[in-house]
Amino acid sequence: MPPVYQRRERLKSMGIETWVPRISVPHGPEARAGEGETENICAHPLILDWDDLEQEVLGCTRCALHETRTQAVFGVGNRTAQWLFIGEAPGEQEDLQGEPFVGRAGQLLNEMIKAIGLSREEVYIANVLKCRPPKNRDPLPQEAAACESHLLSQLALIKPSIIVAVGRIAAQNLLKTGTPIGKLRGVVHDYQSIPLVVTYHPAYLLRSQTEKRRAWEDLKLARRTLNGRH
Ligand code: URA
């Protein structure tokens, strides 16, 4: 049985339902719009040395975003973290400062991390895209595909025990689905054989304070999954 399904069986025996995508190509309306332009990730082998990977990302020209970025935003935190938080893409402040989640949304993400008893330094924080899309537009499928091996390399190096997909765009890109975030939450997914929980983006929570309670439920689900409880 493939590891993905072994893990699903294990989690199922703990009463945690998981959802495993059966296909691993982008789909949904946005992906269809970019069909034919999506880069084959097999063209980019994983880089399993932190310095080499960082140099590769900082000098990356695989997609047009390198023309408009101030700098690529590699990722930050504990390189042996159990928790990996993955957002969508750098925004204005992140592009300027070279670090993910440093704006107002970043401060709230720090609070969310604190709520589970950890500090920003103890977890690892990365994004699906390493470069800022102009005017913070959503990532294009071909940009996400071009950047995917960078994230997969980080994943292979960190070997986290739990992934939190921060926001709809991150979740949909990671899980390669167009399913609404409301349906993706509350379930343990599988990403590269690692359990993944979806939560709301802190920028959304800043606008919609009443959803904070749900985000807390998501983090508790992630913590229970990590601890093998439910
Ligand atoms: N939003 C994200 O998804 N990532 C960042 O780094 C900043 C804001």
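For ligands, and for the atoms within them, numbers begin at 1 and follow the listed sequence.
- Closest approach of Leu65 to Pro134, counting heavy atoms only: CD2-CD, 3.6 Å.
- At least one side-chain heavy atom of Leu205 sits less than 4.5 Å from a side-chain heavy atom of Leu108.
- Polar contact with ligand 1: absent for Gly91 (N/O pair, distance under 3.5 Å).
- Interface atoms of ligand 1 facing Pro100, defined by a heavy-atom separation under 4.0 Å, are 6 (O).
- The aromatic rings of Phe85 and Trp83 sit parallel, their planes meeting at an angle under 30°, below the 60° perpendicular limit.
- Given atom 3 (O) of ligand 1, the protein heavy atom at minimum distance is Glu88 N, 2.8 Å.
- Residue Ser149 comes nearest to Leu46 through the heavy atom pair O-CD2, 3.8 Å, listed as atom of the first residue, atom of the second, then distance.
- Ring-plane geometry between Trp50 and Tyr124 is classed as tilted, the angle between the planes lying from 30 to 60 degrees on a 0 to 90 degree scale.
- Under 4.0 angstrom from ligand 1, there are no non-hydrogen atoms of Ala105.
- Taking every non-hydrogen atom of Gly87 and a distance limit under 4.0 Å, the qualifying atoms of ligand 1 come out as 3 (O).
- With distances taken over non-hydrogen atoms, the option nearest atom 6 (O) of ligand 1 out of Ile125, Asn127, Asp95 is Asn127.
- Residue Ala89 has at least one N or O atom closer than 3.5 Å to an N or O atom of ligand 1.
- Residues Pro100 and Arg120 share a closest heavy-atom pair of O-NH2, 2.6 Å.
- Polar contact check, His201 against ligand 1: a nitrogen or oxygen pair lies under 3.5 Å apart.
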